[in-house]
Amino acid sequence: MTPSHGSLVLSAALLLGACPGRPSGASPSAPEPSPVPEPSPVPEPSPVPEPSPVPARWDEPDRARLALLAHDASEPKGTVVTVQLGAEVAEVSKPFEVPALQQPGRSGQYAVVAAHDGADALAVARSAGSEGPWFVDLRNLGARDPWRAVEIAPAPPAALHWVGDRVFVGQPARLSYFVPSDPKGRVTELLHRPQMMGKAYDLFARHGRFLVAIDDVVMPIYADTFDLLSGAPRHVAGFELPGVINGHYAHAGLLVDDSGSGRLFAHTPFAHRGGNGQDLLALPFVEGSPPSGSGVGEGLQRAGEMVPRRHGSEPTLFAGEELSAWTGLAVVEDGGAGRVLLAAGPRGLFSSKADAIATPRAHDLGGAIVDVIAHGERAWALRIADGGTQLLELDLQEAGEVGVRWSVSLDGEFRAFLR
C-alpha cells in the first residue's frame, strides 16, 4: 500500500523533531540558559612600603658632664662626683656613694660596674645577695634612690655602656641592652655565645654609631661589633682578637668612619716567664670588623714596653727609667686622623698618631696621669699631684704637643672616669 501524501508530511515532521542538537520535547522558542559569569579579576597586591630612610649621619650625644670614680678594690662601695662642662669655672658636684659588686672567684675583691650617660644620669649595677638577683639602678646624679631598677639575669653584669637611649650590659657569654625610659624594664638579648663558657663581655669601645664588645681574657678572645644608627642595634660581625700570653685586654678605643672602617686600639698588659710589660695594639677594621678572610692579627700593628726577667737584659720603655702601668686609653678624632692617648702614671701622658703607634711621645703634665677620656676633638685627664687629684682638660696642639687648658682640684682620690 502506497502511503498518502499527508502521512509523509507527518513522518517528516516527527523526524525533524528528533534531530540531534535540540532536546526532545524542547520548543524552539525556549530561552537559552544564562551564561556563567566571568570571575572577578584578582586585584594586584599592594606594594610593600619602602622602609623609612636611614639617617644620613650619626648624631653623637652631647657630653655635658664628666663622672669621676674613687674606689678601693677591697671596699663594697665607691664614691662618684661629676663635673659640669661648658661653664667658665668647672662646677664639681657633691660626692655620693655607689655600690660595688663582689668579683666572681675573688674573695674580698669588688668592682664598681657603672656607666654615665654624659649628662645627668648613671646606671649602676648592684646585687641583692651573693647569688643575685642583680639589678641595674638608674639614678639621677646625686640622688639617693634610683628612679628605676632593671633586673638583669641570669648572671651578674660585668660591664655597662650607656649611649643615647640604650644601656648595654655585658655578662658571661651574653650581651643585652635595655631602654632606660621603658617602665617595664624589659631586657633584650643581643647575643649569646655558649663557647665563651664563663667568660664575660667586660670591655666596650665605641666611636660614633659603631660599638665593639670585647671578652677580655683567655684565648680565644671574642669580640662583636654592632651598628647603632637606627632601630634595634644591628650585629655587624663577630671575630677573634689577637691572643695575649698570660695577659688580658685592659682598655680599648675605636676610630672608624661612617662605614665602620678604621682601627680598633687596645692596651694588653702581660706577665710571662720572658718578662712583664704592656702592648698597644692597632687592629685594622673594614666595615666593622677585621678584613674579611684575614687571620687573627693580620695587618696588626703592635708597640709595647717590656722588662725582661733575664738578669742583665735591658728593658724596652717608651720613656722614663722604670716601667709603670698604663691605666687609661682614649682616642681623639684629631680631624679624622686620630690621636691615641695613654695614661702612664708617674711617667705622665703618652700620645701617638693613630697610624704611627710605634713612636709615642711622652708629655710631662706636672704629675701622675691615671686616666684619660675623649669626646670628639676634646680630651680630659686625671692627675695625681700635690697630695690630691686634679681634673685637666688637655690642649692638643697641631705639632703633637699636649698641654693643659684648665684644671680643677677634687676633694678625694679619683682615679677613673665612668664611660
Side-chain angles (χ1 to χ4, degrees), residues 61-101 109-126 135-149 157 159-163 167 180 204 206 251 327-330 341 343 345 348-349 365-376 378-395 404-419:
D62 291 333
R63 178 171 287 279
R65 292 177 182 268
L66 296 173
L68 320 177
L69 173 68
H71 178 240
D72 185 320
S74 65
E75 295 293 331
K77 60 185 179 182
T79 302
V80 171
V81 297
T82 66
V83 179
Q84 178 77 43
L85 301 175
E88 291 184 6
V89 179
E91 299 177 7
V92 182
S93 72
K94 293 181 179 180
F96 55 95
E97 291 185 350
V98 293
L101 294 182
Q109 294 292 299
Y110 300 85
V112 173
V113 179
H116 178 215
D117 72 343
D120 300 318
L122 286 179
V124 185
R126 65 175 169 88
F135 297 87
V136 172
D137 289 339
L138 302 176
R139 299 176 54 171
N140 289 331
L141 297 176
R144 181 179 181 85
D145 299 315
W147 49 269
R148 180 161 295 130
L160 301 175
H161 184 81
W162 193 333
V163 53
V167 174
F204 289 105
R206 185 183 67 83
H251 305 92
T327 52
L329 181 154
L341 307 178
L349 180 79
L365 301 181
I369 303 301
V370 293
D371 201 6
V372 286
I373 191 171
H375 183 80
R378 301 176 71 185
W380 300 265
L382 288 173
R383 180 182 67 192
I384 305 295
D386 302 323
T389 305
Q390 298 88 39
L391 170 67
L392 317 176
E393 179 168 9
L394 302 179
D395 180 14
V404 177
R405 290 186 182 277
W406 53 257
S407 68
V408 59
S409 295
L410 306 169
D411 186 12
E413 203 168 283
F414 295 89
R415 291 180 169 267
F417 293 101
L418 294 180
R419 269 74 178 173

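Everything numeric in this text was worked out from a predicted model, so none of it was measured.
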Do side-chain atoms of [X] reach the backbone of [Y] as a donor and acceptor pair under 3.5 angstrom?
X    : Y    : value
R126 : D137 : no
D72  : S74  : yes
Q390 : A385 : yes
H251 : T327 : yes
R63  : R65  : yes

Kindly compute the distance separating [atom1] ([X]) from [atom2] ([Y]), expressed to the nearest 0.5 Å.
X    : Y    : atom1 : atom2 : value
W162 : L418 : CH2   : CG    : 12.0 Å
R144 : E97  : CZ    : CD    : 8.5 Å
Q84  : L66  : CD    : CG    : 10.0 Å

* To do: Take L349 and L394 through the side chain to side chain contact (heavy atoms under 4.5 Å, CB included) test and state the conclusion after the steps.
  => CA-CA 10 Å; L349 180 79; L394 302 179; 4.0 Å; yes
Heavy atoms only: give me the nearest [X]-[Y] pair and the separation to one decimal.
X    : Y    : value
Y110 : E75  : CB-O, 3.2 Å
L141 : A119 : CD1-O, 3.2 Å
G328 : D371 : CA-OD1, 3.4 Å
P99  : V124 : CD-CG1, 3.7 Å
D117 : D120 : OD1-N, 3.3 Å
P61  : V163 : CG-CG2, 4.3 Å

Are any non-hydrogen side-chain atoms of [X] and [Y] less than 4.5 angstrom apart?
X    : Y    : answer
W380 : V83  : no
L391 : L382 : yes
V98  : H71  : no
L138 : P146 : no
F204 : L160 : no
P180 : W147 : yes

* Within 6.0 Å of CG in D62, more than 12 heavy atoms from elsewhere ->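 For D62, atom CG is not crowded (no more than 12 foreign heavy atoms under 6.0 Å).
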Compile the donor-acceptor pairs under 3.5 Å between side chains in residues 410-417 and protein atoms, sequence neighbours left out, one pair per line.
unit_1 : atom_1 : unit_2 : atom_2 : d
E413   : OE2    : R415   : NE     : 3.0
E413   : OE2    : R415   : NH2    : 3.1

